[in-house]
Amino acid sequence: MASSSPPPAAKPQAPRSRTTIFSLGEDLLLEIFLRLPSLPSLVRAALACRAFAAAVRSSPAFRRHFVALRPPPLLGLFFDYDGTEMPSFRPVRRSSDPDLAAAARGADVFLSRVPGHDDASPGWQIAECHSGFLLLLNQSTDQIAVYNPPFASPGSLPHAARRVLQWLPRQVRTREWQILRWSKPAPGQPSGKKYWLRHGRQVDGKLYWSHTKQAYKVVLDTTTLQFSFIDLPEHLMGKGHLYMVGGARDGKPCIVSAADFTLSVWFRGADADGVEKWTLDSVIPLEEEVLQATKGSLDDHGDLKVLAILDGIVYLSTFETFVDDSVPCWYLFYCLETRKLERIFHKKNDGHAHPYVMAWPTFLVEENRMQVRCLFIMDCSLPHCFNGRLWRCQELCCHAHLSRGMMKSKVMQELKSRMNAGY
């Protein structure tokens, strides 16, 4: 019998292409990133490879959407002390978010990379904490610095994004200092060397200073560089220790005062006649919420103090330490949008508290260079400069991008020479 012929050999199949996360389109990748629980988780994912970072950086719409869903988190509070002692930091503990804990651990919260002439007594104090940066003053060396703690450690960011410590120069293009005058007739000022403005607050591109005794605020628009003044609610006159100015989630200016465990909230806006004014929006009793959060008593807590208002979050503390400096107080935050009160931690109030909210790192935004604008104001926040007061109804302002350069003593010399020259 004739043998049967063997079956034809099977044709070799081309190997199947592997599908990996790198095969995903940018739109689908960003949809995955939207499901990450927090900004630290997004930063961690973006640092995995250049393609991930480029996807986030190239989409402002994604960043806006992510912020709307998950606002930048509170990492902790800095505590600034009178004298030459360096500020300290107390982190927020969130066991449900390990990336948040990692962000706090990886940050240079001890400010170890801020240079100092004396290691035993560096002398740096926090003048402002905003947008993820600390504005630091050193009265003993006449230096000003801005510092970004989470991205200060070597190797945590690409080389191009490591410019974390910068010094105050003059105007970014002309490198000249500017002297800004009132845009309208200035209100009366006290004579002599008394401080007449409280510490300023920055809200949506404007700086606000309350008068120590009168019912108005000085306002500087950082876009137009024009000074003006606005009225305060009349019954807040001279009560700057009871209220704070800040911004709502949408950037709208607001005032929050605390008395008898009750928050009063004002918003600034136009009335029916188109006149800008402060309007009382809500009165919020918090006795039950405070007791539920702290498991304490109202007698122990004393009252509430407003520490800051950032993006619609009111940061508060109870009053125990103000009565007895050996007793810790509770630090809390209250969301004006959700009307929810939460605990932060239990600690003695032994310094000026500055809530530190993590900012978006510069390598994840389209502008791939760090731009920090600083307003260096001659008022009561710098009591040794020109006797801590304004010169004859004029405000002196150094408005610049921060980079390497000037010491405060040189700034003072130049500003004083310009004032004497009749600017």
Exercise for review: Determine yes or no for a side-chain-to-main-chain donor-acceptor pair under 3.5 angstrom, with D303 supplying the side chain and D260 the backbone.
Suggested key: yes
Exercise for review: Please determine, by modelled atom types, if S297 and D299 share a side-chain donor-acceptor pair under 3.5 angstrom.
Suggested key: no
Practice item. Look only at the side chain of S264 and the backbone of S257, and say whether a donor-acceptor pair between them is shorter than 3.5 Å. Key: no
Exercise for review: Dump the intermediate steps for side chain to side chain contact (heavy atoms under 4.5 Å, CB included) on D80 and H354, then the final yes or no.
Suggested key: CA-CA 8 Å; D80 194 32; H354 302 272; 3.8 Å; yes
Check your understanding: Under a 4.5 Å cut-off applied to non-hydrogen side-chain atoms, are L280 and F267 in contact?
Key -> no
Check your understanding: Do D108 and R113 sit within salt-bridge range, that is, some charged N less than 4.0 Å from a carboxylate O?
Key -> no
Practice item. Give me the one residue out of R343, H301, E289 that meets side chain to side chain donor-acceptor pair (under 3.5 Å) with T294. Key: H301
Exercise for review: With sequence neighbours left out, write down each residue that passes ring pair (Phe, Tyr, Trp, His ring centres under 6.0 Å) with F319, or none if nothing qualifies.
Suggested key: F322
Exercise for review: Examine distances only and state if a side-chain atom of R70 and a backbone atom of L34 form a donor-acceptor pair shorter than 3.5 Å.
Suggested key: yes
**Study point:** From L135 atom CG to I126 atom CD1, the distance as rounded to the nearest 0.5 Å
**Key:** 10.0 Å
**Study point:** Test ring pair (Phe, Tyr, Trp, His ring centres under 6.0 Å) applied to H346 - qualifying residues, sequence neighbours left out
**Key:** W330
Study note, to complete from the structure: Minimal heavy-atom distance between V67 and R249, with the atoms involved, is O-NH2, 3.2 Å
Check your understanding: Sub-3.5 Å donor-acceptor pair from the side chain of R63 to the main-chain atoms of V56, do we have one?
Key -> yes
Revision key, fill the gap. To the nearest 0.5 Å, atom CD1 of I255 lies from atom CE of M244 at 11.0 Å
**Study point:** Test of ring centre spacing under 6.0 Å for Y315 and Y334
**Key:** no
